[in-house]
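Since the structure comes first, as structure tokens, the remarks are kept for the end.
All heavy atoms count here, side chains included; hydrogens, waters and symmetry mates do not. Note that the structure is predicted; figures quoted are calculated from it, not measured.
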Amino acid sequence: MRPCAAWASWSSGWTKSYEDAAVRELVEELGVGVPVRFLFTFLCQAGVSPVWFGVHEALIAEPLAPDPSEIGWHAWLTEPELWKLVDRGPFVPAGRHALRRYLGHSAA
């Protein structure tokens, strides 16, 4: 089993909860239906506009079936490989913030 951090934001009432949004996004984007565990929320003020995000984690034991219209690239990475990718290239600001907080690093 591999851990996977998943996050989603829905402040306009599209879903009943952050958990519902995270489960829905895992199904829509990665083709896996697994339970998620809520971790924390945060207000991201970087990017287009301020938005609240809920961060969750899930254990995924089944094969991924990414939707190519949703996911441009995916891979299992070691933590050092992930940091290299996050720190050197374009990365969604909220995703960078959530990942740093999830892994216990201070926000950049």
Taking all non-hydrogen atoms of both residues, which atom of P35 and which atom of A58 are closest, and how far apart? O-CB, 3.5 Å
side-chain hydrogen bond (donor to acceptor under 3.5 Å, both in side chains) contacts in which one or both residues fall within residues 60-69, not counting sequence neighbours: D67-S69
Check whether any side-chain N or O of R96 sits under 3.5 Å from a backbone N or O of V86 as a donor-acceptor pair, and report yes or no. yes
Taking the side chain as everything from C-beta on, heavy atoms only, tell me whether R37 gets closer than 4.5 Å to H56. no
V23 versus V36, closest heavy-atom pair with distance: CG2-CG2, 3.8 Å
Quick check: do V51 and L43 have side-chain heavy atoms less than 4.5 Å from each other? no
Which atoms form the tightest heavy-atom contact between G54 and T41, and what is the distance? CA-CG2, 4.1 Å
Begin with the C-alpha distance, continue with both residues' side-chain angles, and end with the deciding distance and a verdict on side chain to side chain contact (heavy atoms under 4.5 Å, CB included) for I71 and L30. CA-CA 8 Å; I71 303 294; L30 297 177; 4.2 Å; yes
Could you report the tightest heavy-atom contact between W83 and R100, atom names first, then the distance? CZ3-NH1, 3.1 Å
With the side chain counted from C-beta on, respond yes when P50 and Q45 share a heavy-atom pair under 4.5 Å apart, and no when they do not. yes
Between the side chain of E81 and the main-chain N/O of T78, is any donor-acceptor distance below 3.5 Å? yes
Hey, does R101 have a side-chain heavy atom less than 4.5 Å from the side chain of V55? no
Same cluster for F38 and V27 if Ile/Leu/Val/Met/Phe/Trp/Tyr side chains link at under 4.5 Å? no
dist I60:CD1 -> E57:CD (nearest 0.5 Å) comes out at 11.0 Å
Of all the heavy-atom pairs spanning E25 and E29, show the shortest one and how long it is. OE1-OE2, 2.5 Å
Minimum side-chain heavy-atom gap V34-L59 below 4.5 Å: no
Considering all heavy atoms of both residues, which atom of A98 and which atom of F42 are nearest to each other, and what is their separation? CB-CE2, 3.6 Å
Evaluate the criterion side chain to side chain contact (heavy atoms under 4.5 Å, CB included) for residue pair Y18 and W52; output intermediate values, then yes/no. CA-CA 10 Å; Y18 288 111; W52 281 97; 3.2 Å; yes
